[in-house]
> 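Quick one: this structure, given as structure tokens, is what I'll be asking you about.
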Number of protein chains: 2
Amino acid sequence: MEDKWENMIKAMEAKGIRMTAQRKMIAKVFSFSAGFVLPRQIHSFISESFPGASYDTVYRNLRLLVDIGLIEQFNFNEGVRFKLKVNPDQHLHYFICTSCHRTYPLEFCPIENGIKPPESFKVMGHKFEVYGICGDCAD
Amino acid sequence: MEDKWENMIKAMEAKGIRMTAQRKMIAKVFSFSAGFVLPRQIHSFISESFPGASYDTVYRNLRLLVDIGLIEQFNFNEGVRFKLKVNPDQHLHYFICTSCHRTYPLEFCPIENGIKPPESFKVMGHKFEVYGICGDCAD
DNA sequence: TTCTCTGCAAATGGTTTGCATTGAC
DNA sequence: GTCAATGCAAACCATTTGCAGAGAA
């Protein structure tokens with residue numbers, strides 16, 4: 001997905017971030033990954049091009065990308081994972097394959113369905129995720 | 001909540017688990033905590049009665065209690081937290097106060113509302129959580 | 001040239017493990 | 001008395017930090 005990659009780099013440049021070769025590689029991982037990736041996977045990918053690449057660079061940039069809203073972080077039991085935000089402006093939930101960690105958008109949002117919070121509870125956010133096994137993993 | 005405590009101990013005994021003094025203390029923490037607790041908080045509580053209490057005992061027992069279904073684990077950004085299951089047989093979601101980590105049950109379950117998964121996606125589970133600030137924390 | 005970003009190395013914090021001892025049944 | 005649970009210490013793993021040097025603007 002060349003265009004995804006270019007869009008990501010453009011978005012980073014628009015934020016005034018310096019485009020290093022390592023950052024381009026990180027953007028590349030997210031542009032072709034259809035789901036959640038582990039920090040470890042990102043590190044081993046950029047290590048192919050940069051044998052001396054360090055973990056702290058990976059983590060620093062993941063935090064940066066979360067901060068500027070290009071990627072999102074999910075906390076699974078087995079560890080923290082990240083994925084590219086499909087469309088930063090659109091509110092979405094996901095079907096998540098627990099085998100390959102690919103995600104499939106889910107239009108339905110439960111928060112718009114007449115939920116009544118307890119007395120004087122101010123709703124700030126919510127999480128809705130559906131887990132399962134996708135067709136490709138079902139074998 | 002004496003009865004919560006006793007019920008928890010009974011449930012543990014029913015599983016054939018040996019009732020040590022440390023385990024009674026851990027059960028006590030959950031019986032009076034209205035929300036999520038950190039392993040660190042559990043450790044410091046049982047340390048009041050057992051100055052030499054160790055972290056590994058806390059973690060071992062948390063895993064045990066999750067395994068037998070008495071408590072549930074949630075992965076927050078700031079760390080892993082645990083809470084007593086209200087009713088092991090009832091399916092519930094929660095309003096979660098991000099300030100005090102107390103929880104309020106939420107009857108609505110989005111999964112029963114005509115969600116259509118992608119082609120041959122087998123749904124195995126789901127997560128629905130609403131975050132906000134509760135009345136007591138609003139000041 | 002300037003100032004951010006990187007790699008290194010070391011520190012950190014949470015969690016797990018092996019093993020000898022303690023203690024519940 | 002037996003076997004499971006504890007405490008200790010050390011290992012482990014993911015993540016973060018300080019700092020000097022490299023590299024983007």
Side-chain angles (χ1 to χ4, degrees), chain A residues 8-29 36-68 70-83 101, chain B residues 6 8-29 36-68 70-82 101:
Chain A
M8 217 178 149
I9 288 175
K10 270 182 205 146
M12 290 167 81
E13 281 171 339
K15 291 278 180 182
I17 289 169
R18 294 191 180 175
M19 282 314 305
T20 64
Q22 291 87 332
R23 282 178 175 161
K24 281 180 188 155
M25 283 299 110
I26 292 177
K28 185 148 269 186
V29 177
F36 290 102
V37 290
L38 295 164
R40 184 179 338 123
Q41 297 173 308
I42 295 160
H43 179 256
S44 64
F45 179 83
I46 68 174
S47 292
E48 287 170 18
S49 313
F50 301 89
S54 62
Y55 262 101
D56 40 296
T57 295
V58 171
Y59 282 108
R60 272 188 290 238
N61 284 306
L62 286 174
R63 266 179 286 158
L64 176 74
L65 291 173
V66 168
D67 285 348
I68 67 176
L70 281 184
I71 64 175
E72 45 194 333
Q73 175 179 340
F74 279 63
N75 306 304
F76 290 94
N77 284 344
E78 339 86 56
V80 177
R81 286 177 180 266
F82 298 85
K83 78 180 288 294
H101 292 94
Chain B
E6 281 162 16
M8 216 178 149
I9 289 175
K10 270 182 206 145
M12 290 166 81
E13 281 171 339
K15 292 279 177 180
I17 290 169
R18 294 192 180 173
M19 281 315 305
T20 63
Q22 291 87 333
R23 281 177 175 161
K24 282 180 188 154
M25 283 299 110
I26 293 176
K28 185 149 270 188
V29 177
F36 290 102
V37 290
L38 296 165
R40 185 181 336 126
Q41 297 174 309
I42 294 160
H43 179 256
S44 64
F45 179 83
I46 69 175
S47 292
E48 287 170 19
S49 314
F50 302 88
S54 62
Y55 262 102
D56 40 295
T57 296
V58 171
Y59 282 108
R60 272 188 290 239
N61 284 306
L62 286 174
R63 265 179 286 159
L64 176 75
L65 292 173
V66 168
D67 284 349
I68 66 177
L70 281 184
I71 63 175
E72 44 195 332
Q73 175 178 338
F74 278 64
N75 306 303
F76 290 94
N77 284 345
E78 340 85 57
V80 178
R81 287 177 179 266
F82 299 85
H101 292 94

> Ignoring hydrogens, what is the shortest heavy-atom contact between B:Ala11 and B:Leu70? Give both atom names and the distance.
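The answer is CB-CD2, 3.8 Å.
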
> May I ask you to decide if the ring planes of B:His43 and B:Tyr55 are parallel, tilted or perpendicular, using 30° and 60° as cut-offs?
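Because their plane-to-plane angle is under 30°, the rings of B:His43 and B:Tyr55 count as parallel.
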
> Of the non-hydrogen atoms in A:Ile71 and A:Met8, which two are nearest, and what is the gap between them?
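Here A:Ile71 and A:Met8 meet closest at CG2-CE, 4.2 Å.
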
> Taking atom P of D:dT6 as reference, at what distance in whole Å does atom CE of B:Met19 sit?
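Taking CE of B:Met19 and P of D:dT6, I get 9 Å after rounding.
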
> Using only side-chain N and O atoms of B:Thr20, determine if any of them is under 4.0 Å from OP1 or OP2 of D:dT6.
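For D:dT6, OP1/OP2 do have a side-chain N/O of B:Thr20 under 4.0 Å.
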
> Does B:Arg40 or A:Asp56 map to a spot on DNA chain C nearer the 5' end, using the closest nucleotide for each?
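The residue mapped nearer the 5' terminus is A:Asp56.
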
> Quickly work out the B:Asn61 CG to C:dT17 C1' distance and round it to whole Å.
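Atom CG in B:Asn61 sits about 16 Å away from atom C1' in C:dT17.
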
> To check you understand the geometry: which heavy-atom pair defines the closest contact between B:Arg81 and B:Phe36, and what is its length?
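Heavy atoms only, the tightest pair is NH1-O, 3.4 Å.
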
> Using a 4.0 Å heavy-atom cut-off across all strands, classify A:Arg23 as base, sugar-phosphate, or nothing.
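Answer is sugar-phosphate: A:Arg23 comes under 4.0 Å of backbone atoms only.
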
> Select base, sugar-phosphate, or nothing to describe what A:Ser54 touches, counting heavy atoms under 4.0 Å on all strands.
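Base: the residue A:Ser54, judged by heavy atoms under 4.0 Å, touches a nucleobase.
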
> From CD of B:Glu78 over to P of C:dG13, roughly how many Å is that when rounded to an integer?
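Result: 17 Å.
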
> Rounded to the nearest angstrom, tell me the gap between atom CD1 in B:Ile17 and atom P in C:dC25.
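From B:Ile17 CD1 to C:dC25 P: 12 Å.
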
> Can you check the B:Arg60 CZ to C:dC19 P distance for me, whole Å?
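Taking CZ of B:Arg60 and P of C:dC19, I get 14 Å after rounding.
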
> Can you measure B:Lys24 atom NZ to C:dC25 atom C1' for me and round it to whole angstrom units?
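These atoms are roughly 12 Å apart.
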
> To the nearest angstrom, how far is A:Gln22 atom CD from D:dA22 atom C1'?
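Value for this atom pair: 10 Å.
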
> From D:dT6, D:dT17, C:dT16, pick the nucleotide closest to the side chain of A:Arg63?
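Minimum distance to the A:Arg63 side chain belongs to D:dT17.
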
> Nearest nucleotide by nearest heavy atom, which residue falls closer to the 5' end of DNA chain C, B:Pro39 or B:Arg18?
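Nearest-nucleotide comparison on DNA chain C picks B:Pro39.
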
> Calculate the interatomic distance between A:Met12 atom CE and D:dA24 atom C1'; express it in whole Å.
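These atoms are roughly 13 Å apart.
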
> Ignoring hydrogens, what is the shortest heavy-atom contact between B:Arg23 and B:Arg18? Give both atom names and the distance.
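For B:Arg23 and B:Arg18, the tightest heavy-atom pair comes out as NH1-O, 3.0 Å.
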
